[in-house]
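To keep things clear, I will list the structure first and then write my remarks on it.
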Amino acid sequence: MSDPKVNELMEKVVSLCKRRGFIFPSSEIYGGINGFWDYGPLGAELKRNVKELWWHSMTRHREDVVGLEATIIMHPQIWRASGHVDTFSDPMSDCLLTRKRFRSDQIEPQSGTAYHYTGAQDAVSGKCVDEPYAVLLPAGKPPESARKIANQFYQARGLGQVELQGERAEKVENSQRFNPDNGSLLTEPRPFNLMFKTYVGPVPDEDNVAYLRPETAQAIFVQFKNVLDSSRQKMPFGIAQIGKAFRNEVTPRNFTFRSREFEQMELEFFIKPDEVVEALCGTVAKPAGPGHPGEPRPDWGWQLWHQYWVEERIRFYGEIGLPRESLEEYWQKPEELAHYARATVDLLFKFPFGTQELEGIAARSDFDLSQHERFSGKSQAVFDEELRTAWAKLAEERRQALWQRYHDARHQYLTKAGVPAQQAEQDAREDADGLARGQYIPHVIEPSAGVDRLILGLLTHAYGEVTTTDAKGKTATEVVLRFHPKVAPIKVGVFPLLKNKPELVAKAREVFGLLRSEMAVFYDEAGSIGRRYARQDEAGTPFCVTIDFDTLGETPELKDTVTIRYRDDGRQERLPIAGLKAHLLPLVR
RNA sequence: GCGGGUGUAGUUCAAUGGUAGAACGCGGGCCUCCCAUGCCUGAGGCGAGGGUUCGAUUCCCUUCACCCGCUCCA
């Protein structure tokens, strides 16, 4: 059971989003469309800010990450190589009795006697149900058990006193059509594809099927060689991308948290395999303990790089207003890991509806590039001059040991991928031989974040209510969004103290003009000054600047100064107009 | 996909088988020398489709959307 107060908070956030123009239902005048949401004026600014902060911190502030912007529709083979065609399109069957859902191919085959019924009639009302049904019993069980279950089935379809009709027994071997738990017949297997399908070209036929990408990551992998060849990057380095992805989710839920069209911010950081690091540096550094491991070093293996990115990501969230305490780190247990993953850390945020994933940081080994190498037939190995030199200088036994470890890892991958034993052995040897020539397939650390759920997290985290009591004892509740100034959609509100004094208005317009070239500014003169502050509080604007009579020189020493009012504590400061930009810029960037 | 609930103004809610009101918000006007002031004024709504009915926002059916639970979440 969920706490009603939790639900209340989500409802308040949802209606605030609508009311103030953060998020609207998509296509609303036509009744909306399930799983799709639009960002309104404030939401668009907020989202843009978040993406830009991510982009800047990933690419411009680092020398070892470059950007990419790839298409949404790509060659369909990519989704075979990535595993999405298989794992996203499993046939599913539902239990006709309990409605439990199964992956049709994973049902344990059952044998025994199946009792079929053509329908049933109500002994009292005479009402008929024609739907056929069947129950599978293990050999030796009396047919009574089957009738009992069939009774339940027809009772659920509106019959009281059930008279089963057309009972027929049949021997069944290794069938996947029945629920292993209760023997009930399942629905026909139905394809269950989570990828949006479309056709390239004007004629829709099976030869030109394509998919909207279900994640942005694969585009990075398939452009890895192009980026490497054109960017003058050297291992290790990363490729960052922000973009739309699409999943035909069974149940979009929790406002924008799980949408069918969403945006991802993904980094694929390519690193040297541990064997290569060891060949170059003698040893692979071990994590010294929890926390940020500091600036990257050449002797880092996948573990330290993984830890580094987990900490970098947490630091990023702190910088945009989600402090460490609002997050939870979840290290996936070995049995939860995808088969190619060495480790995965989920960064969870405490949403009102539960603690849910914001970002996953996965150590994905060389799985992705290897898959694309096999499926495309194009080598994805990099050439590393340093390795070739270092390899030649290694002691023979050391070389042997590293060769063997690399070989074994490749062999394990190839075998799991279904490559026949002999071929796997040959390929693994060739891969390991490549080390001597300075060649290897990079491993990957992947921090992958959902933009929309981050926006939702920022909104719910920023949401606050302030209850005030006026002189007459009347209480009022005011909503305030305490966004970090870096993400706030509007940075500054600029107001003339009174709108019926042309000199105040003129000066305020002047200040507005001064600031708007540097940041998002909102000019407002409607209503009382208090109302205007409140409006900006609700939009999450961190600063408001008011032009009053002192600005105009009523108190000579205050001429050309303004008050700046801070959202979170209502504090006011007096600043010269000339110093405003310099004061605000470092706060909002 | 299944089960339950809810759809009335931008938001939160009311009423009604004879076409709907409030509060807040929003626009305009006057006032206002710093935290939702006051007065005047204006705009704006029955999710969509069908049926029953002389007449439907109200009753029925379908559909869509949202919320909750199950399922799903590579």
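Throughout, protein chains are lettered first and strands after them, A, B, ... in sequence-line order, and every chain is numbered starting at 1.
A donor and an acceptor atom sit less than 3.5 Å apart, one in the side chain of A:Tyr533 and one in the base of B:C34. A:Arg565 contributes no side-chain N or O that forms a donor-acceptor pair with the base of B:C34 under 3.5 Å. You'll find a donor-acceptor pair under 3.5 Å spanning the side chain of A:Glu554 and the base of B:C33, going by distance alone. Not a single donor-acceptor contact under 3.5 angstrom links the side-chain atoms of A:Thr251 to the base of B:C72. In this model, a side-chain donor or acceptor of A:Asp548 finds a partner on the base of B:C34 within 3.5 Å.
In this structure, B:A43 forms no base pair with any nucleotide, since neither Watson-Crick nor G-U wobble geometry is met with both distances under 3.5 Å. For B:G55, there is no paired base (Watson-Crick or G-U wobble, both distances below 3.5 Å). Nucleotide B:C24 is matched to B:G10 when pairs are restricted to Watson-Crick or G-U wobble geometry with both distances under 3.5 angstrom. Taking a pair to require two hydrogen-bonding distances under 3.5 Å in either a Watson-Crick or a G-U wobble arrangement, B:U19 remains unpaired. Using N1 to N3 plus N6-O4 or O6-N4 for Watson-Crick, or N1-O2 and O6-N3 for G-U wobble, each under 3.5 Å, B:G69 pairs with B:C2. Pairing for B:C34 is absent, with no Watson-Crick or G-U wobble pair whose two atom distances lie under 3.5 Å.
Heavy atoms of A:Thr546 sit under 4.0 angstrom from at least one base atom. Within 4.0 Å of A:Phe255, counting heavy atoms only, lie sugar-phosphate atoms of the nucleic acid but no base atom. Among the heavy atoms of the strands, none lies under 4.0 Å from A:Arg532. Using a 4.0 Å heavy-atom criterion, one finds that A:Glu357 contacts no nucleic acid atom at all. Within the 4.0 angstrom heavy-atom criterion, base atoms lie near A:Arg253. Heavy atoms of A:Gly21 sit nowhere under 4.0 angstrom from any nucleic acid atom. Counting any heavy atom pair closer than 4.0 Å across all strands shown, A:Asn500 reaches a base atom. A:Asn248 comes within contact range of no nucleotide atom at all, as no heavy-atom separation falls under 4.0 Å. Using a 4.0 Å heavy-atom distance criterion, A:Lys18 is classed as a sugar-phosphate-only contact.
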Worked verdict on A:Asp452 versus A:Tyr39 for side chain to side chain donor-acceptor pair (under 3.5 Å): CA-CA 10 Å; A:Asp452 305 273; A:Tyr39 288 84; 2.7 Å; yes
Taking it one step at a time, do A:Lys491 and A:Thr541 satisfy side-chain contact (heavy atoms from CB on, under 4.5 Å)? CA-CA 5 Å; A:Lys491 310 301 186 193; A:Thr541 307; 5.9 Å; no
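A pairwise comparison of heavy atoms in A:Ser448 and A:Gln264 identifies OG-NE2, 4.0 Å as the closest pair. Between A:Thr344 and A:Leu337, the shortest heavy-atom distance links the atoms N-CD2, 3.5 Å.
With salt bridges taken as basic N to acidic carboxylate O contacts below 4.0 Å, one links A:Glu28 and A:Lys18. A salt bridge links A:Lys47 with A:Glu263: the distance from a Lys NZ or Arg NE/NH1/NH2 to an Asp or Glu carboxylate oxygen falls below 4.0 Å.
Straight-line distance between the P atoms of B:U58 and B:G50: roughly 13 Å, to the nearest whole Å. Between B:G5 and B:C59, the distance separating the two P atoms is 14 Å to the nearest Å. A distance of about 16 Å separates the P atoms of B:A43 and B:G27, rounded to the whole Å. Rounded to whole Å, the separation between the P atoms of B:C61 and B:G4 comes to 13 Å. Distance check on atom P: B:G1 versus B:U52 gives 30 Å, rounded to whole Å. The C1' atoms of B:U41 and B:U57 are separated by 29 Å, rounded to the nearest whole Å. Here, B:C39 and B:U32 have their C1' atoms 12 Å apart, quoted to the whole Å.
What separates NZ of A:Lys12 from C1' of B:G25 is a distance of 17 Å, to the nearest Å. Remark: C1' of B:C72 and CD of A:Glu249 are 8 Å apart, rounded to the nearest angstrom. Note: CZ (A:Arg260) to P (B:C72) measures 16 Å, nearest angstrom. Residue A:Glu503 contributes atom CD, which lies 13 Å from atom P of B:C33 at whole-angstrom precision. Atom C1' of nucleotide B:A36 and atom CZ of A:Arg531 are separated by 5 Å, given to the nearest angstrom. The distance from atom CD of A:Glu478 to atom C1' of B:C24 is 13 Å, rounded to the nearest whole Å. Rounding to whole angstrom units, CG of residue A:Asn34 and P of B:G7 are separated by 19 Å. The CD1 atom of A:Ile29 sits 18 Å away from the C1' atom of B:C66 (whole-angstrom rounding).
At a non-hydrogen distance threshold of 4.0 Å, A:Gly570, A:Gln572 from residues 570-580 of chain A come into contact with RNA chain B.
Around atom CZ of A:Arg80, no more than 12 heavy atoms belonging to other residues, nucleotides or ligands sit under 6.0 Å away.
Two residues, A:Glu215 and A:Glu525, neighbour RNA chain B, and the one matched to the more 5' nucleotide by heavy-atom proximity is A:Glu525. Taking the nucleotide of RNA chain B with the nearest heavy atom to each of A:Val479 and A:Gly35, the more 5' of the two is matched to A:Val479.
Across B:U37, B:C66, B:C34, the shortest atom-to-atom separation from the side chain of A:Ser528 is found for B:U37. Comparing B:A36, B:G10, B:C68 against the side chain of A:Ala534 picks out B:A36 as the nearest. Proximity note for A:Lys501 (side chain, C-beta onward) versus B:U32, B:C34, B:U11: the nearest is B:U32. In the set B:U12, B:A36, B:C33, the nucleotide with an atom closest to the side chain of A:Ser15 is B:U12.
Checked against A:Phe495 for a ring pair (Phe, Tyr, Trp, His ring centres under 6.0 Å), the options A:Phe522, A:Tyr533, A:Tyr523 give a single hit: A:Tyr533.
The side-chain tip of A:Arg253 does not point at the ring of A:Phe257 from less than 6.0 angstrom away and within 45° of straight on.
Ring geometry for A:Phe349 versus A:Phe351: interplanar angle over 60°, hence perpendicular rather than tilted (30 to 60°).
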